[in-house]
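Computed from heavy atoms alone, side chains included, the values below leave out hydrogens, waters and symmetry copies.
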Amino acid sequence: MISSDDVVRSRPSGEMVNPPTMCPSYDIEFSVHRPGPLLLRDILGAIPSLRTKTPNAASELTNVLVVPTFQPSNTDLIDYGRGAEEEKDRLLENFVSWGNEVVRKLTGRQLWGDIVDPCSGQVIHSTPGPSTYNEVDACQQLLKYKTHRVGNVFPCAVISHPRWATSSYPATLFTTAPLATLLEVIREIDEEHTHQAQLGLTAP
């Protein structure tokens, strides 16, 4: 049995390996991190197949990258109502479009990647595990972002982005690709999407 504490003991709080960066054509901000032991344990609960993906599983776990993303919203997403729900749907669709393209290009390079459905906390392309992925806890660990408590009967924590506060939509991608390859893929996707927009081939 491989312990997540063993493979990342040298970075207990995680390590940022690429600071928050915009992917302009999708209006998505992303950063890249190597998770600490607590977060890696959560990831393994949500994606248990990471333990057995390769014969050298310990190396594979060490190579896990977490890519939290944020999108600016046209409305405060802690609001209730049709407008906020429609905005969440729009931002989810945009993230899934971006994330699926990243995963597709990584898969074409024989590399693994997956994205989390923020509504369910479950991965989309891999077999989900017994646990769900908590975006709020992860962003607190990786980015040290503040949270707001909302609701009276069933209160919950909501991440507050440094620029967009709670008018922001968080969602996460995972990969075991080398950092340079991941960044290259994201640049390719941004350039391709920009070109498609110039040709009028993307939705407004």
Side-chain angles (χ1 to χ4, degrees), residues 14 16-18 20-35 39-54 60-61 63-73 77 87-143 145 158-159 161 168-193 196 202-203:
M16 181 184 291
V17 292
N18 192 82
T21 305
M22 287 300 297
C23 182
S25 67
Y26 281 90
D27 204 18
I28 287 178
E29 181 187 78
F30 71 94
S31 55
V32 187
H33 308 255
R34 300 194 188 280
L39 183 55
L40 181 57
R41 188 178 297 116
D42 291 342
I43 294 169
L44 293 173
I47 321 172
S49 61
L50 272 176
R51 289 189 182 275
T52 56
K53 272 182 45 47
T54 67
E60 194 75 7
L61 290 177
N63 291 336
V64 171
L65 296 177
V66 184
V67 187
T69 73
F70 286 85
Q71 297 176 73
S73 168
L77 295 183
E87 183 70 350
K88 289 176 186 177
D89 289 344
R90 180 185 72 83
L91 296 171
L92 172 60
E93 181 178 348
N94 189 57
F95 167 73
V96 170
S97 175
W98 177 84
N100 281 343
E101 277 297 293
V102 175
V103 171
R104 182 182 68 82
K105 283 185 174 286
L106 291 174
T107 301
R109 290 166 164 82
Q110 306 301 309
L111 296 166
W112 176 83
D114 209 336
I115 56 177
V116 173
D117 176 357
C119 299
S120 67
Q122 294 184 324
V123 285
I124 291 178
H125 299 286
S126 305
T127 301
S131 304
T132 57
Y133 183 73
N134 190 312
E135 302 275 359
V136 173
D137 287 349
C139 287
Q140 284 185 296
Q141 290 183 52
L142 297 173
L143 292 159
Y145 287 174
V158 176
I159 283 289
H161 187 275
S168 62
Y169 189 86
T172 301
L173 178 143
F174 302 105
T175 185
T176 52
L179 175 62
T181 303
L182 172 65
L183 296 178
E184 177 186 358
V185 163
I186 293 174
R187 282 194 296 269
E188 286 180 7
I189 290 170
D190 186 46
E191 290 171 359
E192 291 170 4
H193 197 248
Q196 291 171 355
T202 59

**OP:** Evaluate the ring planes of Tyr145 and His161, with Trp represented by its six-membered ring, and classify them as parallel (under 30°), tilted (30 to 60°) or perpendicular (over 60°).
**Re:** perpendicular
Original post:
Can you name the residues that form a side chain to side chain donor-acceptor pair (under 3.5 Å) with Arg187, not counting sequence neighbours?
Top reply: none
Interatomic spacing from [atom1] in [X] to [atom2] in [Y] - rounded to 0.5 Å:
{"X": "Asp114", "Y": "Leu106", "atom1": "CG", "atom2": "CG", "value": "10.5 Å"}
{"X": "Asp190", "Y": "Cys23", "atom1": "CG", "atom2": "SG", "value": "4.0 Å"}
{"X": "Phe174", "Y": "Tyr133", "atom1": "CZ", "atom2": "OH", "value": "4.0 Å"}
{"X": "Ser131", "Y": "Ile43", "atom1": "OG", "atom2": "CD1", "value": "12.0 Å"}
{"X": "Leu183", "Y": "Thr21", "atom1": "CG", "atom2": "OG1", "value": "7.5 Å"}
{"X": "Leu111", "Y": "Leu182", "atom1": "CG", "atom2": "CG", "value": "10.0 Å"}

Subject >> Pair Phe30 + Phe70: ring centers closer than 6.0 Å >> reply: no
For the pair [X] (side chain) and [Y] (backbone), establish whether a donor and an acceptor sit closer than 3.5 Å, ignoring hydrogens and angles.
{"X": "Thr175", "Y": "Leu65", "result": "no"}
{"X": "Thr181", "Y": "Ala177", "result": "no"}
{"X": "Asn63", "Y": "Thr176", "result": "no"}
{"X": "Asn94", "Y": "Tyr26", "result": "yes"}

Original post:
Step by step, would you call Glu29 with Thr69 a side-chain contact (heavy atoms from CB on, under 4.5 Å)?
Top reply: CA-CA 5 Å; Glu29 181 187 78; Thr69 73; over 6 Å; no
So which heavy atom on [X] is nearest to which on [Y], and how close?
{"X": "Pro128", "Y": "Pro48", "answer": "C-CD, 4.3 Å"}
{"X": "Ser126", "Y": "Val123", "answer": "O-CG2, 3.7 Å"}
{"X": "Cys139", "Y": "Ile159", "answer": "CB-CD1, 3.6 Å"}
{"X": "Leu92", "Y": "Cys119", "answer": "CD2-SG, 4.0 Å"}

Would you indicate whether the side-chain heavy atoms of [Y] and [X] approach each other to under 4.5 Å?
{"X": "Val158", "Y": "Val136", "result": "no"}
{"X": "Gln71", "Y": "Leu91", "result": "yes"}
{"X": "Val67", "Y": "Ser31", "result": "no"}
{"X": "Val102", "Y": "Leu173", "result": "yes"}
{"X": "Arg34", "Y": "Val17", "result": "yes"}
{"X": "Leu39", "Y": "His33", "result": "no"}
{"X": "Ile189", "Y": "Lys105", "result": "yes"}

**OP:** I would like to know whether Ile115 and His125 meet side-chain contact (heavy atoms from CB on, under 4.5 Å); could you show each step before the answer?
**Re:** CA-CA 7 Å; Ile115 56 177; His125 299 286; 4.3 Å; yes
Original post:
Between Glu93 and Arg90, is the closest basic N to carboxylate O distance under 4.0 Å?
Top reply: no
**OP:** Please test Met22 against Asp27 for side-chain contact (heavy atoms from CB on, under 4.5 Å), starting from the C-alpha separation and ending with a verdict.
**Re:** CA-CA 7 Å; Met22 287 300 297; Asp27 204 18; 3.4 Å; yes
Subject >> Stepwise side-chain hydrogen bond (donor to acceptor under 3.5 Å, both in side chains) test for Glu135 and Thr172 >> reply: CA-CA 7 Å; Glu135 302 275 359; Thr172 301; 2.5 Å; yes
**OP:** Any chance you could lay out the side-chain contact (heavy atoms from CB on, under 4.5 Å) test for Met16 and Leu142, step after step, and finish with the verdict?
**Re:** CA-CA 7 Å; Met16 181 184 291; Leu142 297 173; over 6 Å; no
Subject >> salt bridge (charged side-chain N to carboxylate O under 4.0 Å, His left out) contacts touching residues 174-185 (sequence neighbours left out) >> reply: Arg109-Glu184
Subject >> All salt bridge (Lys or Arg N to Asp or Glu O under 4.0 Å) counterparts of Glu191, not counting sequence neighbours >> reply: none
